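These notes concern the structure reproduced below.
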Amino acid sequence: MSDSKPNQLKKTLGLSFNIAVLIGGTIGVGILRTPGTIAGMLDNYWLIIASWLFGGLYVLIGANSYAELATMLPKAGGSYNYIKRAFGEYAGFLSGWYDYICNAIPPAFYCIVISEYMIILFPALANYSMVMAISILAAFVIIHLSGVKNGSTIQQITSLLKVICFVALVVACFMYSGVAVPTIKTDNSFFQIGLIFSFFKSLQLIIGTYNGWNSVCFFAEENDDPSKNIPKSLYSGVLLVIAIYVLVNVAFFHVLSLENVAKSNLAAADVAKILFGENGAIIVTVISIFSLISILNAFMMIPPRILYGLSRDGFFIEKGTMVNKGGTPIVALLVSSFVSLFLICIGSFEVLFSFAAFISIIVWGLAYCSLLKLRASEPDLPRPYRSFWYPWTTIIAIVASIALLMGFIYSDPKSFIIIVGITLVSYPLFLVLKRKK
């Protein structure tokens, strides 16, 4: 079935695509929106910067473990391959579908947000929001049906433009001399319950903004040299994203006071108005559209790879492994696109997005545990890359994941209840699929 030649993914992707998809799949409008919300929660300059660095350090330690896992098992679908190999079929099934849900929601959301930003630039289109969102989705489906190379080229161009836009915004902020970096009083209430709650709530937002950092692992099977390219792209991509996120925050505080950032729904727009006058809002809208096109392109490619992997292992329909001449898993792409179309039509993302970071932490945590398990149970597996300071970095990643999960359960119990519900329903479904298989 999956080993027949027509259903093989093509090894056409290289290092430049890997870095582009990591940046493209991570940096979105979140970094333009979240600084205001987080400033309102934490109310302390150094604690805000430390939170972004903490999130970045957690992701960097995670990249160290993922570099070994993805080069050891370079398969389409990423995390669930490692979890299945270490902990068995049910663990693989559950984590695979969690990962799919997590990655299948964003494309619909990004199509809608791009259409909303287009309306800001062209108010005459105000009545055509849903038509535009569906048209954007259809255009990207056509691009990806035509082959992996076209998707790869668009990813590299849009990711480069995105980085240029953010660097230009940061430079413009630091060149602005109208206001000094605010002197912020240290807040001694850090250990009060309210601030601990806010700290975990802000970390949930920050982890959500970093989400996508392991995008390269979904494409390991299509990489022309995964052993070298995956570790290089994971480290360089993650470090670049951390640098951009921290610098954007520092740059915003250079222009606006902490209080003003905290009151802002879209901090980037308020900063741009001060820097560029009334045209500032247009500049931020254009940056947002570039960011969204790049992240949409990445997320049009990720869910079909997970679905392809799940199909190959009998956790979805057999036709899910079908690959066209251009190297696109065609049925998996069409199924994922229909999911996106359905979500665009119902337009309800809040509940789904609230537990995206939650699900990510669970899947990442299980992947880190699978590295420990596979080192013990399969020591002779070829490992082209070995994570440095093993096992301590992996143990730190697991402990940090558990701490974040406990914090998220404390600050967002509703999402936790939904996840428990999905888990309970999943086991009977797994047994049915296993019988069919």
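If you read the sequence from its start, that first residue is 1, and numbering goes on from there. None of the values given here were measured: they were computed from a predicted structure.
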Using the ring of each side chain (for Trp, its six-membered ring), is Tyr110 parallel, tilted or perpendicular to Phe299, with breaks at 30° and 60°?
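The arrangement is tilted - the two ring planes meet at 30° to 60°.
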
Hey, can you tell me if Phe430 and Phe315 have their rings parallel, tilted or perpendicular (30° and 60° cut-offs)?
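Rings of Phe430 and Phe315: tilted, 30 to 60°.
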
Reported [atom1]-to-[atom2] distance for the pair [X] and [Y], which is rounded to 0.5 angstrom:
{"X": "Lys373", "Y": "Ile83", "atom1": "NZ", "atom2": "CD1", "value": "13.0 Å"}
{"X": "Ile61", "Y": "Ile395", "atom1": "CD1", "atom2": "CD1", "value": "12.0 Å"}
{"X": "Met72", "Y": "Arg85", "atom1": "CE", "atom2": "CZ", "value": "7.5 Å"}

May I ask you to decide if [Y]'s main-chain N or O and [X]'s side chain share a donor-acceptor pair within less than 3.5 Å?
{"X": "Asn324", "Y": "Gly326", "answer": "yes"}
{"X": "Lys11", "Y": "Glu221", "answer": "yes"}
{"X": "Glu68", "Y": "Ser387", "answer": "yes"}
{"X": "Lys149", "Y": "Thr12", "answer": "no"}
{"X": "Glu89", "Y": "Lys84", "answer": "no"}
{"X": "Ser146", "Y": "Ile143", "answer": "yes"}

Residues in side-chain contact (heavy atoms from CB on, under 4.5 Å) contact with Ser340, at least two apart in sequence or another chain
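By the side-chain contact (heavy atoms from CB on, under 4.5 Å) rule, Ser340 matches Pro107, Ala108, Leu137.
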
State yes or no: are the ring centers of [X] and [Y] separated by less than 6.0 Å?
{"X": "Phe316", "Y": "Trp97", "result": "yes"}
{"X": "Tyr245", "Y": "Tyr210", "result": "yes"}
{"X": "Phe416", "Y": "Phe408", "result": "no"}

For Tyr66 versus Ser79, what's the shortest heavy-atom pair and its separation?
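Looks like OH-OG, 2.7 Å.
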
Scan residues 16-34 for pairs that pass side chain to side chain donor-acceptor pair (under 3.5 Å), counting only residues two or more places apart or in two chains.
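Listed once each, the pairs are Ser16-Gln156, Asn18-Asn223, Asn18-Ser233, Arg33-Tyr117.
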
When you compare the side chains of [X] and [Y], does any donor N or O come within less than 3.5 Å of an acceptor on the partner?
{"X": "Ser65", "Y": "Tyr390", "result": "no"}
{"X": "Ser311", "Y": "Thr321", "result": "no"}
{"X": "Tyr58", "Y": "Ser401", "result": "yes"}

